K.L.:
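Following this message is one structure expressed as structure tokens.
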Amino acid sequence: MKFIVSSTYLLKHLQVLGGVINNSNTLPILDNFLFELDNSSLKVSASDLETTMSSVLEVESDATGNIAVPARLLLDTLKTFPEQPLTFVVQDNNTIEISSNHGKYAVAYADGAEFPKTVTLDNPSSTTIVGDVLATAISKTIFAAGNDDLRPVMSGVFFQFSPQNLTFVATDAHKLVKYTRDDIAASEVAEFIMPKKPLNLLKSILAGNDVEVKVEYNDSNCKFSFENTELVSRLIDGKYPNYEAVIPKENPNKLTVERNQFLNSSRRVSIFSNKTTHQLRLKIAGAELNISAEDIDYSNKAEERLNCDYQGDDIQIGFNSRFLIEMLNNLNANDVQLEMSLPNRAGILTPIDGLDEGEQITMLVMPVMLNN
């Protein structure tokens, strides 16, 4: 088994695939890349059992075969090479020899047959999404997903496909984000929960990329295919909570404020908040928004006043500053609207501008009890 490939071309693909590999694997074979050579096409795969990702590379070869090559060693070596052709030759003594312009390097390999087989999806449903749209949907929601191992369904992003639109939802019970695209639809209704790790990989690969992504899914797995790359992930098992039920429908108090001002004021004032509650107090009356925080234990306090547009009764409401700042940070709008009903009911944050055609974002943040 022998093939010749460009060093930078190989490195670029392996760095992407390397994101799948865990630092500590229960199965030693998962510390490797699987190389499957079929004449001039080399399929490279990486897996952590839950997620498997593979890319097909063009190489110079007329051989076939498969081997598993240590990922960390190969990546560390490739990073040091300038652009040049590298020749890989499998030797009789269970090593693969890499020849560069300057030297030779022997790497022990494992049998490719030990590598876990990629799951094939039986009669899946499918939808096509533009890569950048999918990356946006992921980045707008994934930050709101939880990290609680006891509630695994909340640790992923909920995909809800229908013939009308595609909806992506994430929540950790303190904050919730619902992102909808009305300009894209699926052929039939489907719902599944995707884990965070493969979504983060997709987000980094697809951001700003107009490639068409084919999404195929069944009850247990989901597969994303684009260009010469495939990612297959096991879905999170379980039923997603009824998120529509927690979004308050009647919100008579509407605050409109410039996002950047609101974000920067919240950031500054939150420095003075209590380090356990991170409580930020919003006091809204007339056309003035008063943002304040205090840490009674240390006698630290801060307050700022902003001009705003407000319709509704005077209100005082408390929020966890970390959640509020994170949400404001994840919007591209110039102006945002915060809708509220009562100090103990969730506030709904929506962008007023900066959205694409067919794009909708609703962010929900739970209030915290104010200590008077």
Side-chain angles (χ1 to χ4, degrees), residues 1-79 81 84-100 103-122 124 197-198 201-202 205 214 216 220-234:
M1 180 175 160
K2 173 186 174 182
F3 61 90
I4 300 169
V5 63
S6 144
S7 59
T8 47
Y9 170 68
L10 180 61
L11 175 63
K12 190 178 115 193
H13 284 86
L14 292 188
Q15 280 178 318
V16 171
L17 296 170
V20 177
I21 298 172
N22 289 332
N23 291 333
S24 54
N25 284 309
T26 42
L27 293 175
I29 192 74
L30 297 177
D31 294 331
N32 296 274
F33 289 121
L34 175 65
F35 280 22
E36 296 172 282
L37 183 63
D38 184 6
N39 297 319
S40 64
S41 82
L42 174 69
K43 183 180 179 184
V44 185
S45 309
S47 176
D48 67 357
L49 289 184
E50 300 287 319
T51 304
T52 303
M53 190 169 173
S54 60
S55 282
V56 178
L57 285 67
E58 288 176 20
V59 296
E60 276 180 52
S61 174
D62 52 11
T64 57
N66 62 34
I67 56 170
V69 187
R72 177 63 36 225
L73 185 64
L74 189 56
L75 281 170
D76 288 347
T77 311
L78 288 172
K79 279 176 195 163
F81 287 129
Q84 60 184 299
L86 297 177
T87 306
F88 287 73
V89 183
V90 171
Q91 305 290 355
D92 296 337
N93 58 354
N94 250 31
T95 59
I96 183 163
E97 186 180 82
I98 307 168
S99 307
S100 72
K104 292 186 171 176
Y105 319 88
V107 179
Y109 67 83
D111 182 5
E114 290 177 33
F115 203 84
K117 294 276 173 279
T118 307
V119 176
T120 49
L121 279 68
D122 300 327
K197 181 177 170 180
L201 290 167
L202 287 168
I205 304 166
K214 186 179 183 189
E216 297 172 87
S220 51
N221 293 281
C222 186
K223 177 172 158 186
F224 298 83
S225 320
F226 49 95
E227 287 173 334
N228 41 16
T229 300
E230 278 185 2
L231 183 146
V232 179
S233 168
R234 188 178 300 168

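Everything numeric here is computed off the predicted structure, so don't read it as measured data.
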K.L.:
If you count the non-hydrogen atoms of other residues, nucleotides and ligands that lie under 6.0 Å from NZ in Lys79, is the total more than 12?
P.N.:
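Yes, NZ of Lys79 has more than 12 neighbouring heavy atoms, counting only those of other groups under 6.0 Å.
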K.L.:
Would you say that Thr95 contacts Val107 through its side chain, given a criterion of any heavy-atom pair below 4.5 Å between the two side chains?
P.N.:
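Contact flag for Thr95/Val107 side chains = no.
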K.L.:
Tell me the closest heavy-atom pair linking Leu201 and Val16, and the distance in Å.
P.N.:
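Where Leu201 meets Val16 most closely, the heavy atoms are CD2-O, 4.2 Å.
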K.L.:
Could you tell me whether the side chain of Val232 reaches within less than 4.5 Å of the side chain of Leu121, counting heavy atoms only?
P.N.:
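Of all side-chain heavy-atom pairs linking Val232 with Leu121, at least one is under 4.5 Å.
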K.L.:
Would you say the side chain of Ile205 lies within less than 4.5 Å of the side chain of Met53, judging by non-hydrogen atoms?
P.N.:
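When only atoms from C-beta onward are counted, Ile205 and Met53 do touch, with a gap below 4.5 Å.
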K.L.:
Which atoms form the tightest heavy-atom contact between Thr51 and Ser233, and what is the distance?
P.N.:
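For Thr51 versus Ser233, the nearest heavy atoms are OG1-OG, 4.0 Å.
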K.L.:
Do Leu86 and Leu78 have side-chain heavy atoms sitting under 4.5 Å apart?
P.N.:
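Of all side-chain heavy-atom pairs linking Leu78 with Leu86, at least one is under 4.5 Å.
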K.L.:
Are Phe33 and Ile21 side-chain neighbours, meaning at least one heavy-atom pair lies under 4.5 Å?
P.N.:
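Yes, at least one pair of side-chain atoms sits under 4.5 Å.
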K.L.:
Between Phe35 and Val90, is there a side-chain heavy-atom distance shorter than 4.5 Å?
P.N.:
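No, every pair of side-chain atoms sits at 4.5 Å or beyond.
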K.L.:
Check whether any side-chain heavy atom of Ser55 sits under 4.5 Å from a side-chain heavy atom of Leu14, and report yes or no.
P.N.:
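Heavy-atom side-chain distance check fails, nothing below 4.5 Å.
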K.L.:
Determine yes or no for a side-chain-to-main-chain donor-acceptor pair under 3.5 angstrom, with Ser7 supplying the side chain and Gln84 the backbone.
P.N.:
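Indeed, once roles are kept as given, a pair shorter than 3.5 Å links the two residues.
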K.L.:
My understanding is that only residues two or more places apart in sequence, or in another chain, count here; which of them pass side-chain contact (heavy atoms from CB on, under 4.5 Å) with Ser61?
P.N.:
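Residues passing side-chain contact (heavy atoms from CB on, under 4.5 Å) with Ser61: Phe3, Leu37, Val59, Ala63.
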K.L.:
So, applying side-chain hydrogen bond (donor to acceptor under 3.5 Å, both in side chains) with Asn25, which one of Asn32, Asp48, Asp31 is it?
P.N.:
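Single pass found, and it is Asp31.
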K.L.:
Atom CD of residue position Glu58 - does it have more than 12 heavy atoms of other residues, nucleotides or ligands inside 6.0 Å?
P.N.:
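Check fails, neighbour count at 12 or below.
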K.L.:
Report, as yes or no, whether the 6.0 Å neighbourhood of atom NZ on Lys197 holds more than 12 heavy atoms from other residues, nucleotides or ligands.
P.N.:
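Enclosed.
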K.L.:
Taking the side chain as C-beta and beyond, is there a heavy-atom pair between Val119 and Thr52 under 4.5 Å?
P.N.:
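No, their side chains stay 4.5 Å or more apart.
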K.L.:
Measure from the ring center of Phe81 to the ring center of Tyr105 and say whether it is less than 6.0 Å.
P.N.:
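Yes; Tyr105 has its ring centre under 6.0 Å from that of Phe81.
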